[in-house]
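Notes follow the structure.
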Protein chains: 2
Amino acid sequence: MNNVVNYSGKRKPTGQRSAISHNSVIQPHDYLFRMGEKLDGIYMLNSGSVKLFRTTESGEEYITGFCASGDLIGLDALVDGVSRTSAVALDTSNISMIPFNTIVRGGDRFDYQKFIHQIGATLNRENDHTMMLSQRTADRRLAWFLIEYADGLASRGLCPTEFSLPMTRTDIAIFLGLAVETVCRELATLCDEGIVKKNRRRIEILDMARLRSISRGEVCADKLAKEIRSAA
Amino acid sequence: MNNVVNYSGKRKPTGQRSAISHNSVIQPHDYLFRMGEKLDGIYMLNSGSVKLFRTTESGEEYITGFCASGDLIGLDALVDGVSRTSAVALDTSNISMIPFNTIVRGGDRFDYQKFIHQIGATLNRENDHTMMLSQRTADRRLAWFLIEYADGLASRGLCPTEFSLPMTRTDIAIFLGLAVETVCRELATLCDEGIVKKNRRRIEILDMARLRSISRGEVCADKLAKEIRSAA
DNA sequence: CGCGTTTTTGATCTAACTCAAGCTTTGTGG
DNA sequence: CCACAAAGCTTGAGTTAGATCAAAAACGCG
């Protein structure tokens, strides 16, 4: 499992620490901030993608979310200014910061309404993630993940059926609470059934309707595979 | 699995719907609001306990959290005024409401700072819940649950080692992403090892240190049980 | 007191984990 | 520019933690 040291060891010196004042660009593997760090405000992702995660003392990594353009990062620091989460860029990303002062006092042209709205959205996404992790089969989890990602793209006006995932299979596995091998296998199953096409990180969704019904638990992804087995 | 109809069917007419203006009392099984309902603001729980949950079209129930005094309820409605979550009282509870207007405009004596703080705290709790659900054994989940509950009591100045749980075993199971039977069995194991004492909903924690180390995954709750088996 | 709900325990089964190993891609240094 | 190393991805075989099914006991309520 990757840990903080790994990443920090191999990244370029760019963006070493969060000296972000207003607008800045960070490179893949650069940290926006690390868990336990005091933040100066909330970050807003303008482009690229960021992974949010925590590591326990014993080195277990937990991924709490993947962020894309428009998302707020560091909301959990609202409690006392310190984030319990680390944020690392997966792609080259453009980021701006909203200082805590602005948030608390309601600064110049800070869109408060929108900020509150985003908090609700974040909370809802967390809830969805939680629901997915409770008592669900691997095929549903993966289907859910792909749909979430596709929907996110669609809401940003991008193509929801053909895209490139910014994260590794291991990241997906951790996020979904599964083993890497399980993610690979389930993805392979979806391909076998003609629901998606994959080429490494590149994903093409061929049958969105079926993918959604798998996600809802109406049908099982391994249905075909099982039918073949039982026929034998 | 319990669903909305069950609860609504057997509750007394009190507090039928959320006509809560400022301060009110609701009885066990009364709904504060149901998923999809338009809220007038965010609720604050002053005493008692409330369960937050969602149900899918297919009737699956997911519990996103249990609230106790001091908690804000309905934050997910900040996105558009509608909550995707249902809130039902587990005990007789005292509740007040902060209208959206007050939140957005920053009314009279609305403690904005505290509000923002609470949002961060809620987000963190969600994250903890998510982490627990990702890749953890049943014994760790249950230990985590008991500790969370105990810590919550402690932070409210109540006794953290002897308490009565307001929710059913089934609720705990759903919240932890486990089967009811598993929750019962793991609780029984904890009792066998002298870590907790139980009498139905009544819980007494005898060895908090050991419970915490189980929660961290340092030791396995079924260790003893296994040692006995392997000795045979 | 009888009935429905909740809790508990037992037996069996299976989905997903773990371990193992090969393959592919990416990155690095000579 | 090529070779080697490291990371990432994939597939197979065997094991196991926890789900499911079944059923009894313990409450609590009308």
Side-chain angles (χ1 to χ4, degrees), chain A residues 1-3 5-7 9-12 27-29 60-61 90 133-142 164-174 176-192 196 198-203 214 217 220-223 225-226 229-230, chain B residues 1-3 6-7 9-12 28-29 60 90 133-142 164-174 176-192 196-203 214 217 220-223 225-226 229-230:
Chain A
M1 234 166 251
N2 291 321
N3 65 21
V5 183
N6 259 345
Y7 278 113
K10 62 185 214 173
R11 72 142 186 280
K12 292 151 209 150
Q27 299 301 320
H29 303 299
E60 299 166 305
E61 180 178 328
L90 296 176
L133 290 175
S134 309
Q135 198 83 279
R136 288 221 186 151
T137 53
D139 57 339
R140 285 185 74 175
R141 293 186 195 212
L142 185 60
S164 208
L165 294 169
M167 71 294 282
T168 66
R169 296 278 194 270
T170 302
D171 282 342
I172 298 174
I174 296 173
L176 297 180
L178 298 170
V180 205
E181 296 94 325
T182 307
V183 170
C184 281
R185 273 187 260 269
E186 290 300 336
L187 196 51
T189 307
L190 290 179
C191 287
D192 291 348
V196 310
K198 75 165 201 293
N199 183 275
R200 251 167 125 77
R201 305 257 177 115
R202 192 97 206 140
I203 299 286
I214 289 171
C220 180
D222 322 74
K223 210 177 150 188
K226 274 181 186 164
R229 258 193 293 160
S230 65
Chain B
M1 235 167 250
N2 291 320
N3 66 21
N6 259 345
Y7 279 114
K10 62 187 216 174
R11 73 146 185 278
K12 291 152 208 149
H29 305 298
E60 299 166 304
L90 297 175
L133 289 175
S134 309
Q135 199 82 278
R136 290 220 185 151
T137 52
D139 56 339
R140 287 184 73 175
R141 294 187 193 209
L142 184 59
S164 209
L165 294 170
M167 71 292 283
T168 66
R169 297 278 193 269
T170 302
D171 282 341
I172 298 174
I174 296 173
L176 297 180
L178 296 171
V180 205
E181 296 94 325
T182 306
V183 170
C184 282
R185 272 187 261 269
E186 291 299 335
L187 197 51
T189 307
L190 290 178
C191 288
D192 291 348
V196 310
K197 235 187 219 175
K198 73 165 202 291
N199 183 278
R200 243 160 137 76
R201 305 260 178 113
R202 191 97 204 143
I203 299 286
I214 289 172
C220 180
D222 322 78
K223 209 177 151 189
K226 273 180 188 166
R229 257 194 293 162
S230 65

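Model, not experiment: these values are computed from the prediction. When reading the values below, keep in mind they use all heavy atoms of this one structure, side chains included, and skip hydrogens, waters and symmetry mates. A note on names: the letters A, B, ... follow the listed sequences, proteins ahead of strands, and every chain is numbered from 1.
- The separation between B:His29 atom NE2 and C:dG4 atom C1' is 13 Å, rounded to whole Å.
- Atom CG of A:Asp171 is separated from atom P of D:dG8 by 8 Å (rounded to the nearest Å).
- For the pair A:Glu186 CD and D:dT11 P, the interatomic distance rounds to 12 Å; values are reported in whole Å.
- Rounded to whole angstrom, the span from the CG atom of B:Leu176 across to the C1' atom of D:dG18 amounts to 14 Å.
- When distances run from any side-chain atom of B:Arg185 to the nucleotides D:dT10, C:dC19, C:dA11, the shortest one goes to C:dA11.
- Nearer to the 5' terminus of DNA chain C, by closest-nucleotide assignment, is the contact made by B:Arg169 (compared with the other of B:Arg169 and A:Ala138).
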Test log, rule side-chain contact (heavy atoms from CB on, under 4.5 Å), inputs B:Thr189 and B:Asp139: CA-CA 9 Å; B:Thr189 307; B:Asp139 56 339; over 6 Å; no
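- A:Leu187 comes within 4.0 angstrom of no nucleic acid atom, judged by non-hydrogen atoms across all strands.
- The side chain of A:Thr137 sits closest to C:dA16 out of D:dC9, D:dG18, C:dA16.
- Counting only heavy atoms from C-beta on, B:Thr182 has its side chain closest to D:dG18 among D:dG12, C:dA11, D:dG18.
- Atom CD1 of B:Ile174 is separated from atom C1' of C:dT7 by 15 Å (rounded to the nearest Å).
- Judged by distance alone, the side chain of B:Arg169 and the main-chain N or O of B:Arg200 form a donor-acceptor pair under 3.5 Å.
- As a whole-Å value, the separation of B:Arg140 CZ from D:dA17 C1' is 15 Å.
- Scanning atom types as modelled, no donor and acceptor separated by under 3.5 angstrom connect the side chain of B:Arg200 and the base of D:dG28.
- Side-chain to base pairing of B:Arg202 with C:dT7: no donor and acceptor N or O lie closer than 3.5 Å to each other.
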Derivation and outcome, side-chain contact (heavy atoms from CB on, under 4.5 Å), residues A:Leu190 and A:Ile214: CA-CA 10 Å; A:Leu190 290 179; A:Ile214 289 171; 3.8 Å; yes
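- Closest contact between the side chain of B:Leu178 and the listed nucleotides C:dA16, C:dT6, D:dA19 involves D:dA19.
- Residues A:Leu165 and A:Asp171 have side chains not in contact (no heavy-atom distance under 4.5 Å, counting atoms from C-beta outward).
- Using a 4.0 Å heavy-atom cutoff across all strands shown, A:Arg201 reaches sugar-phosphate atoms only and no base atom.
- Look at CG on B:Leu190: it is 16 Å from C1' on C:dT9, rounded to the nearest Å.
- Relative to the side chain of B:Ala179, the nucleotides D:dA19, D:dT10, C:dA16 differ in distance, and D:dA19 lies closest.
- Separating the CG atom of A:Asp192 from the C1' atom of D:dT10 is a distance of 12 Å, rounded to the nearest angstrom.
- For D:dC9, neither phosphate oxygen OP1 nor OP2 lies less than 4.0 angstrom from any side-chain nitrogen or oxygen of A:Lys198.
- Considering A:Leu178, A:Leu133, A:Leu176, A:Ile174 as possible partners of B:Ser134, the one that fulfils the side-chain contact (heavy atoms from CB on, under 4.5 Å) test is A:Leu133.
- Of all nucleotides listed (C:dT7, D:dA22, D:dG12), D:dA22 comes nearest to the side chain of B:Glu181.
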